[in-house]
Every structure is written in C-alpha cells, then in structure tokens.
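What follows is a set of notes on a single structure, which appears directly below.
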Protein chains: 4
Amino acid sequence: MPDLETVVAEIAAEMAARPDRGQVATYIPELGRIDPNQFAIAVALKDGSTVCGGDCGKYFSIQSVSKVFTLTLALGLAGDRLWNRVGREPSGSRFNSIVQLEQERGIPRNPFINAGAIAVTDMILSGHQPREALGEILRFLQFLADDDGVYIDRAVAASEERTGFNNRALANFMKGFGVIENTVEYVLGVYFHHCAIAMTARQLAKAGSFLAHQGRNPATGHSVVTAERARRINAIMLTCGHYDGSGEFAYRVGLPGKSGVGGAILAVVPDKASVAVWSPGLDAAGNSHLGRIALEMLTTRMGWSIFGAPAGTG
Amino acid sequence: MPDLETVVAEIAAEMAARPDRGQVATYIPELGRIDPNQFAIAVALKDGSTVCGGDCGKYFSIQSVSKVFTLTLALGLAGDRLWNRVGREPSGSRFNSIVQLEQERGIPRNPFINAGAIAVTDMILSGHQPREALGEILRFLQFLADDDGVYIDRAVAASEERTGFNNRALANFMKGFGVIENTVEYVLGVYFHHCAIAMTARQLAKAGSFLAHQGRNPATGHSVVTAERARRINAIMLTCGHYDGSGEFAYRVGLPGKSGVGGAILAVVPDKASVAVWSPGLDAAGNSHLGRIALEMLTTRMGWSIFGAPAGTG
Amino acid sequence: MPDLETVVAEIAAEMAARPDRGQVATYIPELGRIDPNQFAIAVALKDGSTVCGGDCGKYFSIQSVSKVFTLTLALGLAGDRLWNRVGREPSGSRFNSIVQLEQERGIPRNPFINAGAIAVTDMILSGHQPREALGEILRFLQFLADDDGVYIDRAVAASEERTGFNNRALANFMKGFGVIENTVEYVLGVYFHHCAIAMTARQLAKAGSFLAHQGRNPATGHSVVTAERARRINAIMLTCGHYDGSGEFAYRVGLPGKSGVGGAILAVVPDKASVAVWSPGLDAAGNSHLGRIALEMLTTRMGWSIFGAPAGTG
Amino acid sequence: MPDLETVVAEIAAEMAARPDRGQVATYIPELGRIDPNQFAIAVALKDGSTVCGGDCGKYFSIQSVSKVFTLTLALGLAGDRLWNRVGREPSGSRFNSIVQLEQERGIPRNPFINAGAIAVTDMILSGHQPREALGEILRFLQFLADDDGVYIDRAVAASEERTGFNNRALANFMKGFGVIENTVEYVLGVYFHHCAIAMTARQLAKAGSFLAHQGRNPATGHSVVTAERARRINAIMLTCGHYDGSGEFAYRVGLPGKSGVGGAILAVVPDKASVAVWSPGLDAAGNSHLGRIALEMLTTRMGWSIFGAPAGTG
C-alpha cells in the first residue's frame, strides 16, 4: 500500500492542475459567488491525526452534509421511533422530488433527501425554540469537530430563506399529512440555518470520525453513538447519500458518503478513516465534481473500497 | 470473534426452531408447492473450504440470484458498453415496476430489477440461438460452482413461461423503445430458464466466491473477473440487490446481497467469505424471511458488516 | 317535456326525503359544522326568471365554484396569455395532486384544480394589494349575481388559512418554478378568501347565467364575455370541472359543471339555463352527493343533456 | 345560419389549398406511405342525406376511431358490467401510457386509450375464435355504414402486428392483473385487425350517425342503442376521445369526437349530424392536423358547438 501522505499530496496537486471544475450551484444565490478554483482534502485517522491537502483551513458551507449530523442527533433524541416518520430506502429520485411524498402519504423515503432531513429537523425542534434547537445542532458539530470555530453563515441561510420555495413546498406538504409537528416556518428556519453551517475540511473530517470508529471519536475519546448505530448510519449514507447518484457513487468510490451543494463530501472508511473533500464546482448530479474524482483516486490508490481489496493484496 | 463453525451451527439450529417461516411465493405456481420448513446456510471461505448448516445439499430454484451471474457474464461479453442499455441506480420501486421504464424511455434502472435483467439476457443472447445462450449460462454456473450438478429445472421454467405476463410486458415495452434487440419470446425463454437454475446452498456459496476474493475463486484458483469488476458488482448488489428493500438489507445485514423469490440469498463478505442462505418462505418485501434473519445473525455475531467493526474490536 | 316548476319541486321534495346525505367536508374545520340536512336548487332562465326549490335563500360557501369566476375575471385581464401559465387538459388526478406539477415544471394542468386556480389568482393579484384584488373579485360576483348580498365569510377563510398546508405546498412549488409571480402568502390570502365567498343558490344560478347565454346575463342585460369565451369556459368545465370525477359527471349529468367542497355545484345548460344546486354532504369523489343526483334528475327529466335529446323527441 | 353545402365546399377548398399538412404517422410502417395531400369531409344528416367534400370516396384506415364502435358492440354484449374492467375518466396521459395502469392495478382509465380498447376487445372476443369476433366487428361496421364495402386492410394489420410492442406490453400487463381473460395474442390479433378497418369518410359519417340521433341511424331506420347509451358514449368521446389532447379538442371544436392515427376523426353534433373528416397528416398530439382545423371551422361557421350558440342567435 502506498503512503497516505503521498497519496493525499498527489491528489491535491492533480486536482489543482485540472481544468475541469464543474459548475458552482446557483440556486442559492450566496453560493453562486464562490470561486470554483478551490479544493481541499482532509483524512482523519484512527490515531487521532489528520492528513490534509489543498485549502484545508478554508471554511465552506456544508449544506446537506449537515443531514448526517442532524440524523445522528435526532436518533439520540427519538431513538428508533424516528423511523416511524422517515424511511430508509433509496428514493430513485432527485433530492427535492415531491412525487414519492404524495404516493407515500408524506413519509419521506430517507433522511438524506430534503423532505427527510426537514422531518428530522422537526424532531430536533420538538418542544424547543428555533434558536435553542439551532444552538444545539451547532454545539453538536463543534463538539464532534472538537473545534469552536465551526459557525453558521447567516448570509447563506438568509439567501436560502429568500429562495427556498421548493423546501417550503415539501415542508407544507408533509405538514398537510401530519408528518411535521412544529410550525413550518420554524422548522425551515432551523433547516436553512443548519445547512448553512460553515466548516473547514479538517473540521469536517474530524466531525465524521465517530462513524469510522465504532461510534467513538478517536481524537477526543468521546463516545457519540453505539458501534451498531454508526454502522447503520454508514449503511444509509451508502444507499441514500447522493440522491439519484447514490448507485454511481457506490460503484465508483465504494464508500459511504454524503454530499452537499456547497461542494463538500464526507466519506467514511470503516475502521480506518473519515475523509472530507471540498471543491465548489458540481457535476450534473449536483455532487462536487473534483470531490468525487478525488475520493475515487483515494479509495483506488489506498485500496479502501468497502467492496473488496485491490488485486494482489491479502 | 466467535468460531464460524459454531455460529453457523447455532444459526441453523435457531432457524429450524422458529415458528415464523414467511410465505412461499405463489405467483410462479411451481414454486408454490415447496415445503417452507427448510433452511440451509453455506459459507465459502478464502481457503477454499465451505462451512454448512441445515439442508445444505438440497437443490432450490435460484431465481433472481441468477441475475448476478448473468450480469457477470454479460459484462465479460459486452464490457462497459452494457451500461448504455442498463443503469446502475436503485429504483426505489418494486422488482417489476414499469413506471420508471416509461419515464426513462425503456432504459432499466439497474441490472437486478426484472427489466434490467431481461436487457442483460438480451445481450447474452445476441447472435446466438436461445439454446446456446442458455447452455453458456448453465456452463458458467457449473464452472463457478465447480460442480456439474447445477441444472435447469424445466418444470419451474415452464411454470413461469405460462404465467410471466408482467415480464412479457416489460420485455415488449423495452422492445418498443429499441432497448431489446432480439425476438422478445427468445429473450424471455432464456430469462425464464436461467431463473429456473437449481443449485444447493453449497454450490451457490462457491459460485459467488469470486466476488469476495478479488474476482478469483479461491477453491479452484480460476480467475473470473478483475478485482475492480468484482468490487463494482458488489456495489450494485449493495445498492440494488433487494429491489425496494435494498436500503433495509444494507441497514440490517450490512453486506452486498442478491435475493430470489425461490428463497435464496447470496451475500458477499469482501475479502472474507461468500454466503448462501435458503429458506422458501418470503417476507412482505419478497425476500427470504429466515434467510435475511440468518444473515443478520451471521454478520452481527462474526462482525462481518462492511460498515464497521463491532464495539470493542480493532 | 315536463314543466320546469314541477320538476324542480319534485326534485326538492325527493332530496328532502332521502336518508343518504353524503359526508360533510372536514378538512376545512369551519365547513365541518354545517348541517347536512339542507338542499337547494335554483334554475336561472333565459327570460331572466329563476325557478327555485329547497333552501334557496340560504348562504353557503361556494369554495371551488369560485374558480369559474376568477378564471373569467383573469381572462378579461390577461386574455389568452393566461394559457401560457395554465393548461386546459383534464388532470386525471385529485384536486390537490402535486405529481403532475413536478413532471410539467410547475404549469398546472387546468384552471380548476387547486394549483391552476392559485396561478389564476396570482394573475388577478398582479400589481395590486391583496385587499384590492379580493375586492375586485367580490364586486365581480355581486355584479354577476346582481345582488350586493354576496359576501366573504371571514371565519371560513381564516379556517382554511390555518389548515391549508397542501395549497401552501402547491403555491410554493409553483413559485420555485417561477409560475407564481407575487408573494406566496398574498396569493394564498386572496385564494382562501375568494373560496370563502358566500352566496345563495339563487344568486349563484344568476351569477353563472352569462355562461348559458352567449356571454350575456339575460336578467340584467350585462355583457360579461364574448359568446366564444363563454363556450370555451363551458368546455373546460365539462372536461375539468370535477377533478378526477369529471368523466363520471359528464357521463351521468351531461352538462358543464363546477363543484366545490362546500357542497355547491354550478351547471350550465347552453342556450337554456344556469343551474345552482347545494347540499353540504359530499360523495367519495368530493362532490355534493345530493347535488349531483339532483342534477342528473333535472337533466334526465328535462332532456337537457348536451350529448343528445331523450328518445322520442325531435 | 349559413348553408351546410356551402360551408362544406368552402372547407374542402380551403383545406386543399393549405401548405401545412402535419406529419404522417410512421410508427405503423404501412401508414407511413400514405400521401398527406388528401382531405375528406362528410356530414351525415338527420334526414338520411350526406353532404361531402374532398376525397370522400377514398378508403383510409380508421385506426382508433374503431374504438367507438367496439365500445358500442361490447356494451351490447356485456352491458354495464363492462365498467367493472374499464373506467370512464380522462387519463391525462398519452394514448399508450402504462403508468396509470400500474397504479390502478390493470384497470384502464377509459375505453379510448389503447389499454382500455384492448380490454374492450377482450370482452368482444370472449368465448369466440378471433376470426369470429373480428367478423362480428366488421359486419357491425358494415351494418352501421349500410355499406358492404367496409373492409379490413390486412397489410396494415400485419404491419402493426410486427411493430406493436407497446400494445403487447399493455395487454400482457393487464393479463398479469387478470383484467384480460383471453389469450393475449388472440386479443391483440383482433385488436390490430379492427384498427385496420378501412372506410371512406362517407361511410364513417353514416356509421356514427346513430350517436347523433338518439341511438338510431336515420338513414336506415335501424335502432342501434338506446338514446341514453348514445348520450353516454358521446360524453366519453368528449372527455376522453383525444387522449391528452381531449381538453384542447373540447375547447376548440366543442363536439364529442374520436380520432385515429390514420388521420380520421369522427365527431358528433347531437340531434343534428355525424361528421367524418380525414387527412393523414397529424399534429404534435397525434390527431389529424387538417381534420381538427376543418372541424373547428365547421362548428364555428354552423354554430354547432354543444357549449353554446354563437352571438346574435337564439
């Protein structure tokens, strides 16, 4: 096996040199202004160390990657009752499709499509003020990343609040079926703000580290969830983490992962590492173009696919 | 870690004692006559040995499990051109849904739903007589299982030919879009017959062994596919192997797997083992009821989930 | 042909005696309190007279019947440009389905499903304050009915504003596609209030009279629309006036009609009469149970179907 | 009102002069060879006379217009039990869509989409040989047209049998749900052949005449159906006769009508006339381009819309 530091440095160099950068998301105006010539990769290891390449200290909007953490938090609050209101099957549809929601009476297919994540946010909100729920989510991310620098980018949240009509449609639609319990605008307020959480690749890799290590963050020693729950969240990331591109990601990268339209992807190498990549340009399926390529290189060169070792090993 | 022989023996004993057996599939009349009080488990290991429990030498109809092998064969014939005619995303739908096929102009979502498997069979048939194509598929299974006892159950094939109206609808629908090239009845003839292949759990575990070991069958030393192709087939099994129950299987069992309505499931433990379970009673999602439970027990007790080790290990 | 006065009196008597009353709509709580033992029928004739039976002076919530009048008003404002934002095909779906809206990029199928009527309201609102737009709609109804007693039931409007999550979903969904131009809550405010317009059967029959008489109200002599536009609105009522029960209504009643969940139906007998029926209990398809039966009796006994005369006439 | 002879002659002359002819259907290869520079119009009146213009004696393939006559025949055989297996609502979908069929468990929306017409053919076939059933349909058309010249174009039928994969899909799909009782290939054989019936515009207008005149053909005096059944068939033609263009046809032409891909349209003017138009070029919705325009002219100039008289009349 090659040396991880070398592989990460190679990937960062190759990514910096590529002319193809994908397209920056424009449906949230504030995100449309980001310079696409940025790339970062960070790998958090079992020994607590992190290997980084590229713009590793640059903050970016984690967007839908936040759904992994709100799911974790809501499972802690509601336990398996959460699954009464959200499914765990791939949707076969775009991230914002409302069709299945009508056919399945307001129950979202999984917690990683927008409708599902909004329902999860509703469970976190339950019985609290939006400000408190949002504070709890932010503190959870700071705790996981072991870094108080994690913050909420209010300009991004405000931008999405002004334009998030489709999410408003999804939330009201679920409210009509009784799947959302709190006031729709409160739930959406918390949702838009947790999607606007800003982190660095280094922080994000560390924050996802508990998923790779039996539910425990090896850098801090904090136990976050049981080993079984960590495995199960990984399973949902694998089958549902990239909307209607989940099959493709599993096929090419071979790791549980969750992407966001800000250009971040969090990937988990069970029992080995947690990986964050970031590059703002997206591919046609709405996932980070260079981020996905970088993960494919990493997993190929390190032999990290969960679906089997490379030839000639073992 | 506990001893595999012990775990397999325990599982076989527990399964024999359970009163809940699921429901035998009746839509293929010939399958409706099977005694549900049967169970088998076979685990083929890297050293070429196989650990068995239950009715391990009993032949059963592998049904849709055959789709893993026809996909492997067709990839060998057509290479990645195969993906021009079949996708590799989970469908979010039942095994026989025709809705997506209309919306996506006859291109099936993946090779494991019926439509996709029929398109794969069409590629194998290309330029051959049905008899020849079928012979090739059978010989491929015998070669993989290293056992000439594998055979085609003509009564089951005939039963499905008489009742397979939905598959006939799917095939004609794709033909209308130009996705099927050969005569529809020829393609269906081969399809119904390869679904009617009969194997024992021991044979099936061995036949799937190349998927666990970098594309090479460790018992025979035969190289079947490249390590990369084995990983990619595993990825598709994980995301698409159980129709609209794929997310649930990943969540509970944590292994790539493919089920059939005959009650068989083939599961792959990358770099460790290939597992075949069989019990004819099905759950509501159409997967072997005891088979799925047995795999969940196996993967939990052996710590074999691809999504992370159990607590306290590593 | 029997005498109209006699037929109307017979129908009112038969309806009063029937034990089956349907179910009062409960999804708008305020409507759920209405006594189902009420029935009214009013027939406005070419000579300006009106024949009435039952509770003809009782006010009820016209609900979706208002969509006929807002369509008429919006066509007057926007002309055929209206059809760039709303189709005129039957939807084959329930009144509040969002599925087609996604497939057809936010363009509602026709102006009589909720999404279409909301888009029509958006066109009426354009460039005005909600209060002004609503005033214009109310005055239009008072003008058509030639009666200042027509009013807006604020309690019903408020009730729907509190519970109209599905309509909020539809409006936000269209806003996301750019089909709605004004602020969503303003559009919905006007929409909920015009649905809450309260009229008597006598007023409603007179208000619809221009549709039966070449666009001109024979009682007042006011010209409302051209004869061609009246015919075309009638055509849309026939094909789209009862959601996914439009075919059934055409089959049984044989007249253009538009129903509302308040239990009103407005039907048009071209060149002969305008008919309003009202009874609060609904059938499974959401149309007035006794209202539909009464119209079927009327059209059969009077030979008024637009699809052909009764046997032995002409 | 203008004189019918004059109007028909004007329309024929105007149609002959127009450069826009639409596109000849090519999905049935045999139909793709027809010369688009043809047009015919025939109006059968209550007094038994017929007014013709253009290529009125030219035979054409009536295609889906045959569905009106098979529905009439099947209603005669099965009565209202027919509606247990076929609905009567507009589908909101293309003529060959299979999506609704899956959602509604094999019950076609109405008898005029392909699936519904195939189910109707299955009812006519019931208990007969295909040859007998087909003979019965042909004799029924000859009887209605009062002309033994009506025949089946075997070349067109054979052409569709070779290419009708989508109809084969629909039929097998319904067979899987138990909605089709006879052998699929027998049903399709009869279906393809009755679609291939060849008639002239004059014959077709006469054959549809019973629908305009209380169920009785005024030219022959033959009673075909009751007046009520004629009205109800007209209602279904109005709401469902042009697939997902039914609303548009009602809006523009204002008559019950049924079109076929051969370029024929049969329209009914209740209590006045039966009209057949034919021109092989189709518009984007698959209806005769000039045929629809000619009917719109006819109905406008004669004041024949069922939705109201022209201004200044009555």
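All of these numbers come straight from a predicted model, not from anything done at the bench. Sequence lines set the chain letters: A, B, ... in the order given, protein chains first and strands last, and positions in each chain run from 1.
- Both cation-pi conditions hold for D:Lys258 and D:Tyr243: the charged atom is under 6.0 angstrom from the six-membered ring centre and inside a 45 degree cone around its axis.
- Options D:Arg252, D:Met237, D:Arg216, D:His213 differ in how many heavy-atom pairs under 4.5 Å they form with chain C, and the most are formed by D:Arg252.
- For C:Arg109, the part sitting under 4.5 Å from any heavy atom of chain D is the side chain, from C-beta outward, and nothing else.
- Of all the listed residues (D:Leu211, D:Asn234, D:Leu255), the one sharing the greatest number of non-hydrogen pairs under 4.5 Å with chain C is D:Asn234.
- A salt bridge does not link D:Glu296 with C:Arg231: none of the charged nitrogens is closer than 4.0 Å to a carboxylate oxygen.
- The greatest number of non-hydrogen atom pairs below 4.5 Å with chain C, out of D:Ala250, D:Gly87, D:Pro90, is found for D:Pro90.
- Proximity to chain D is absent for every atom of C:Glu228, based on heavy atoms less than 4.5 angstrom apart.
- Listed for the D:Asn114 side chain is no donor-acceptor partner under 3.5 Å among the backbone atoms of D:Ala117.
- For C:Ile306, the parts lying under 4.5 angstrom from a heavy atom of chain D are both the backbone and the side chain.
- In terms of heavy-atom pairs under 4.5 Å with chain C, the best-connected choice from D:Ser305, D:Ala227, D:Gly245, D:Gly254 is D:Gly245.
- Contacts of D:Leu238 with chain C are made by both backbone and side-chain atoms, with heavy-atom separations under 4.5 Å.
- Between D:Phe249 and D:His242, the ring-plane angle classifies as parallel under the 30° and 60° cut-offs.
- Of the charged side-chain nitrogens involved, at least one lies within less than 4.0 Å of a carboxylate oxygen, so that D:Arg301 and D:Glu10 count as a salt-bridged pair.
- Between C:Phe173 and C:Phe177, the angle of the ring planes goes over 60°, which puts this pair in the perpendicular group of the 30/60° scheme.
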